[in-house]
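To start, the structure itself, in structure tokens.
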Amino acid sequence: MPEKIVTIENLKAYYLMESYGINRRVYAVDEVSFEIFKGEILGIAGESGCGKTTLTKTLLGIIKPPLYIMGGEIRYKTLDGEINILALQEEEIKKLRWKVMSYIPQGSMSVLNPLRKIKDTFQDFVEAHQPEMDKITFNNIIREHLVSLGLPLEVLNLYPHQLSGGMRQRVTIALSTIFKPEVIFADEPTTALDVVVQRGVLQLLQKIQKQAGNTLVIIGHDMSIHARITNRIAIMYAGKIIEIGETKDIYNNPLHPYTRYLIGSLPRIGDKSYKTSIPGTPPSLANPPTGCRFHPRCPDIIDICSKEEPPLVEIKNGHKVACFRVSDGGQDNE
Amino acid sequence: MKKIGLVLLLAIFISTGVILQGIAQQLPPGIPREETLIIDQIFRYSIVNNFNLWVSGVPNPTRQSLAFDTLWYVDQQTGKWINSLAKSAPIYNKDFTELTIKLRDGIYWSDGVKFTADDVVFTIQNIKDHPGMLWHEQFNLYVDKVSKTDNFTVVIKLKRPNSRFHYLFTTRYNACYIQPKHIWEKVSDPLKFTFYPPVTLGQYVLKDSDPAGYWELYERRTDWQRTSAGIITRKAGPKYVLTIFYGPNEKKVGAMIQHQLDLLMDLDIEAFQTLLKRNSYARSWYKDFPWAWRDELDIRYYGFNLEKAPYNIKDVRWALALALDVVKLNAEYIGGVTRVTPIPQPATPFHMKYFHKPLKTWLRNLRIEVEKGKYFKPFDESVPERLATWAKSQGYPVAGDLEDLFGIGWWKYAPDVSERLLVKHGFKRDKDGKWLLPDGKPWKITIIAAPDEVDVFRLAIGAADQWKKFGIDVDIESLERTPYYTRQNMGDFICTSSWGMAAGSGASAVIDKWPYAYFLHSRYYKPTGELQTTGNYLRIKSAKVDELIDKMEAMPPTDPKNVAIVRDWLKLCTEEMFAIPTLSFKKFVTFDTYYWTNFPTAENPYGQPCYWFMGGKFVLPYITSTGRK
Amino acid sequence: MENLLKYIVSRFFQWLIVVFVGITVIFIVPRFTPMDPIQTTLNRVTAYSYIDPDAINKMIETLKDLYGLKGTIFQQYVNFWKHLLLGDLGPSLSLFPTSVMDVIRTSLPWTIGLLAVSTFLSWVTGILLGTLAEYFSNRKWSQVLGTLVMCIYPVPYYIIALILVLLFAYIIPIFPLVGGAAIGLKPALSLNFIASLIKHGFLPALSLMIGSVGWIFLSQRSLTSRLVSSDFITFAETAALPRKKILSYLIRNSMLPQITDLALQLGSIFSGALITELVFSYPGMGYILYSAILQADFNLIMGISIFSIIGVSTAALALDIIYPFLDPRIRYK
Amino acid sequence: MGVIRSLLKYDKRFTFGFFIIVFIIFLSILSFFSPYDPSDRYIVPRDRPPNLQYILGTTSLGQDVFWYLTIAIRNSLIIGLISVSLSRLIATTIGLVSGYLGGNVDSILTTLVDSFNVIPRLPILVLISFAFRGYLNFLGIGLLLAFFDWAWPSKRYRSQILSLREREFTNTAIFSGRRTLGIILKEHVPFLLPYIMADFISGFLWAIGMQITLSILGLFNLDIPTIGTMIYWANYYQSILKGTWWWIGSPIVALILTVMSFYFLSVSLSSYLDPRLRVLRVKEKTE
């Protein structure tokens, strides 16, 4: 059994909003439990609006109104033992960030301060966590880091707008990994990059993971990326994890009808069959369907689906699924 | 971030400190309040430390009375002739082509140089030589040659006979100031010369001034006895005079309430009454009602462009006059504090003596023809009484002679007569009672007026209200001075609520009225639409007027026969009703008797209270300390 | 570099055109009003004394000559440019023969002192408060401040000034009624003089600042609100950059439009603050210009306006040239 | 209507602004039922403090402050409206033409606008109203104010349009072959509208403020009752010194309420119409 590095238990993260008098509660992450193992590459997949970004935020401990944690725990294993970050003060969480857990934002985002040279941005980030570092050490560390990631040193003296999209994303990755964090969360790291650049960025991520042996969590809707790089995948639907397991198990034997749709949407070489898109639209998280949240779109619906929520049940070998048809054996494996 | 915060904090800290310091000392160190008379500077100097008052653009609110001097004065309060730099009145030869001026011996410039005939000769010659200086045109027009016969005698040869040349050196407000030769003779460009520090003849000398132009500080000369005011009054006056401009009236009132201002030029009645309530030491000419000083030589009137129909008709002008209720105009719009006058001369004690009272019988018998063969006597002697009744109803004490208080009378309020006069000329009323012109169009009058001249503006409102009541559509067009003058000069108006010289209302405290009538002579007349520059904006053009002006011109000003001619002139103006004179000027010249006393008042009218006129120099020495500190 | 030069040259030409047109308009407008500087002078000179009509007519000729008002408007216009290019703004007509430059010199220091300081202070205050208020928009004080600004900002300036002067010069008389410094105090680098300057300038500056702090506060808040949700700020926050750093990111990135505002404000201070000067009896260009208008002093109106026109257009020019240094993304076109 | 109702219910700024504006408009409509002609003076006892008969007291000119105020408010609003309508008409036209056509037209217009912008506004306004005050009626004043308030807004509109044109969706829309006008209407107007709305109100507030400034200087047509001229006359008769606070106080309070309510309304509306926030709302709905 691999070592757990993050344990999530019954996590509930809701948006509570009041706008023009309407009180709205958005169940972005609802009763989610899973764990992340040390040294693995975990994928979190799902359509946009399924709550995966909220989940990421919560895992990073970025909890700002209107987002509220309504219950559950997120425990990181650190040198000081297990820490439930939800019980920490904001300042304490901030100390963990970039060292214990780090974050790589979407590739399309302009995440670098446009008015600062890359060098200065690096300095800002480093100073934030190691204010006492002297200039020479700082320079050495950055150079070493960039070289180890195979990035040209010239970028340091450039402004963000002078970099290509791919280079910008690499620099961002370098920035996020400068302290060699234990867990790296990459939120759609390759979105909006073209295919060739995508591959380069993914290779970079793999390289980092291999070099430092840290844990990488990739959040994204693109199942082909998950297939290429992850060890395990968690599938999210409407604020819930509906299936989780080793990548090969999920791809070879998707148990949840939703997972099957997602995988079915992958293009395969030589496959000329018609790609069925998922019928219906994603449900509103503010007003999720009763019972199984997928039931209005599910082709294999049975009575209980609309009445009770299916629990996440382990089928075998850490492969878990939340579906009555699977757990009550009504669904064949092949 | 922190630094900015720190700076901000520091700024707040400092400013709080400054505030807590309380009211700063009003006066500079070493200038004791009890020795300083603080007077209203009237406006702010846009340019500072330029004392060249011989050019048009150098502002001169109060300097001339403190520091400058000329040959003769006429006190507009008493009518007294004062020989200032001159030792005696002007001496003309028989045909008025030569003027001899005798100067006082013993007057000194502020730098210790003796004042002599050279200075007078130099002044005239210098101004004559330099176009652009004030009085340049006049000297060129009249002066042939100027020379001295001895150190204290100047002889001026005139180009043509002129019995009034000395008016250029005789002042009500100002007259040609004398220049120190020993300073000016070294000046190459007298227009640009700033004359700073000024070397002057007055009993005060500039000590300090504000680079921003809000104040000037003067100090009494140690040799004040060697100035004209010193010689004539034999009194010293306050040691320091601070002239200061506080801003609009409410600020002046605020300053006087705090005893930071001793003497101010004028206030509107609202501000004045507030001041009285808040500062029991403050007062104006009278201790009680009617408070104000009413003896300035000027009047208010409604004027018409006499070339615009129907105002070219005498009866129409009379009709408009008779549709006015002067008691209401005075009481409700001006506060009832000034005198009424039916003739175009101010109702000051001096003028009432020579003109108003002697003309009363004539006024009483004056008739206007209402319809063919039917006459109406318009003069109303009961006006002073009615004003007194009104004043009593307001709870004001009314004491003394009613004529002295309110004037001799005015025209009757007789809208019925107005109506008949108008009907006679073909005017009609429409079914709503509104007047129609003889051609059937609605009658509309637009009165132009300048709001900064408070009384004329309020009188414009009054006339508008009363004529409206009479059935004429009236509105007021408020204009700033400059466009107001332009409109008048071009004849681009129907009715103007005005003041000053038109129809000969301006005056000096002398019997001679030629200087205030000559410009109505038809040789200076310009029709409507053409710019007239001399003052006849009413477009008066009359042979009778010409005849009287010619008569005046031929008469030396000192000739006693002048009175009769001037009376004829006033009769003519009144009969013709060129303009409708209403009230005498009034000013709330106000003083705070906390630190200083013995200002000229109704009880002690030793001089005119206009300290900013050149003659103010003969009043300042009488002002004495109360001893308060 | 070549780009820069080309840009500066073309931008300079635009500057020339703008200045030329602006000055021409100011030259023409007063001359088409029914105001006559000569008549105004005559009215002033003859107000209390009698002058022979012949003398008056001669005087008109002399004044026309001295005032440079001879000839057609076009001739006057050509003449005006001839003098202006030599740096000569001519004599003031209402304060004749004092030169326009001298008149301006008397008042300009006060105006620059008051307006530059209050503009700059309100700029700094507005930006700081605006940024903080948006960054901490959930805090009570931020909401109170926001509401307060919203209530005061739209109130016309005169009303604010009037209320201040009533409160602090009459009812609680802790500030002086008049002037730029205490009576008898000479301009000097002494603590006393500076304290007096601050004391006299405090209320006028405060009145000016209330409105402009409000304006900058509001605009800074809206600029910041866009930034706060922007990617790089979110990322920086995720990376747990210190608050100070984030605020400096916010300020630095919202600076460009604000600097534009500041520069144009500073460029336009030359025409003074008329209402301020009137209400607080404070010296400055506003009143000079106002009385120039009242007295049809064409040259003085021109002179002050030229300062103002050149001030604003030069500020705009300077901005366009230094923009790329402030924002590396902008390049000369 | 639904929008107003929901704004009224949940946005305090809007509620405040809306009710005050309704009240102000009610007052100005009331002016048509005034028992007095605004040019009538000395028709009621002078200088009476507020009482049951004259609820806002009377002036030193014998006018009823309340009824005079209703007319003043009406006139101020009308003049502001004339001015801002004209100026924004010019400004949007020039801004649109300049922003969309580009090229030479743009540079000529830009130079024109810039030349106009460098001219000091207040002095020229003072000069013109000083010289021609007598001829200024409602339309004249509106025109005059409008004439001095189109250049800056048109510059702002232009830059708004330029930045809109740079945005991605314009390109997408062009690629998808939609006609320019269609793009402008469908894609740009929703973004410009709140901007123009807010700018319209700020122009309105400027016009009112300028009325006040000119009136204080006595350079407005003083014979038209407006909030500004009312303050002028109150000052002229030394209302503050004399203690007739109701005379100067009423227009000032009315003025502050008016500008504040309009401003609140504009803030509230523009945040409601702001596309960025609207996107947010749409998101909230679907999530």
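Worth saying up front: this structure is predicted, and the values here are computed from it rather than measured. Sequence lines set the chain letters: A, B, ... in the order given, protein chains first and strands last, and positions in each chain run from 1.
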Report the C-alpha separation of C/Met150 and D/Arg13 in whole Å, then their side-chain angles, then the decisive distance to 0.1 Å, and conclude whether the side chain to side chain contact (heavy atoms under 4.5 Å, CB included) test is met. CA-CA 10 Å; C/Met150 268 186 48; D/Arg13 296 172 304 191; 3.8 Å; yes
Starting from the C-alpha separation in whole Å, work towards a yes-or-no answer on side chain to side chain contact (heavy atoms under 4.5 Å, CB included) for D/Ile119 and C/Val21. CA-CA 9 Å; D/Ile119 296 172; C/Val21 174; over 6 Å; no
Side chain to side chain contact (heavy atoms under 4.5 Å, CB included) for C/Val19 and D/Val118? Distances and angles first, verdict last. CA-CA 8 Å; C/Val19 169; D/Val118 298; over 6 Å; no
Would you check, one step at a time, whether the test side chain to side chain contact (heavy atoms under 4.5 Å, CB included) holds for C/Val18 with D/Phe116? CA-CA 8 Å; C/Val18 166; D/Phe116 206 85; over 6 Å; no
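Residue D/Ile208 does not touch chain C at all, counting heavy-atom pairs closer than 4.5 Å. Only the side chain of D/Ile128 comes within contact range of chain C, with heavy atoms under 4.5 Å apart. Within the 4.5 angstrom heavy-atom criterion, atoms from both the backbone and the side chain of C/Val155 approach chain D. Both the backbone and the side chain of D/Leu127 come within contact range of chain C, with heavy atoms under 4.5 Å apart. Only the side chain of D/Ile124 comes within contact range of chain C, with heavy atoms under 4.5 Å apart.
Two residues are said to be in side-chain contact when any heavy atoms from C-beta on lie closer than 4.5 Å; C/Pro156 and D/Thr213 fail this criterion. Counting heavy atoms from C-beta outward, D/Ile216 and C/Leu278 have side chains that stay 4.5 Å or more apart. Considering only heavy atoms from C-beta on, D/Pro120 stays 4.5 Å or farther from C/Phe270 through its side chain.
With values rounded to the nearest 0.5 angstrom, D/Ile240 atom CD1 is found 4.5 Å from C/Leu166 atom CG.
Proximity to chain D at a heavy-atom threshold of 4.5 Å picks out C/Ser308, C/Ile309, C/Val312, C/Ser313 from residues 306-316 of chain C, in numerical order. Heavy-atom proximity under 4.5 angstrom to chain D picks out C/Leu264 from residues 258-267 of chain C. Chain D is approached within less than 4.5 Å, heavy atom to heavy atom, by C/Leu289, C/Tyr290, C/Ile293, C/Leu294 from residues 286-294 of chain C, ordered by number.
When all heavy atoms of D/Met260 and C/Pro154 are compared, the pair lying nearest together is CA-CG, 4.0 Å.
Contacts with chain D were tallied for C/Tyr157, C/Tyr158, C/Phe20, C/Tyr153; C/Tyr158 has the most, counting heavy-atom pairs under 4.5 Å. Ranked by non-hydrogen atom pairs under 4.5 Å with chain C, the options D/Ile231, D/Asn117, D/Leu217 are led by D/Leu217.
Considering only residues two or more places apart in sequence or on other chains, D/Lys242 meets the side chain to side chain donor-acceptor pair (under 3.5 Å) condition with D/Asp47, D/Ser60.
Of the candidates D/Thr111, D/Asp114, D/Thr110, D/Asp114 is the only one forming a side chain to side chain donor-acceptor pair (under 3.5 Å) with C/Gln14.
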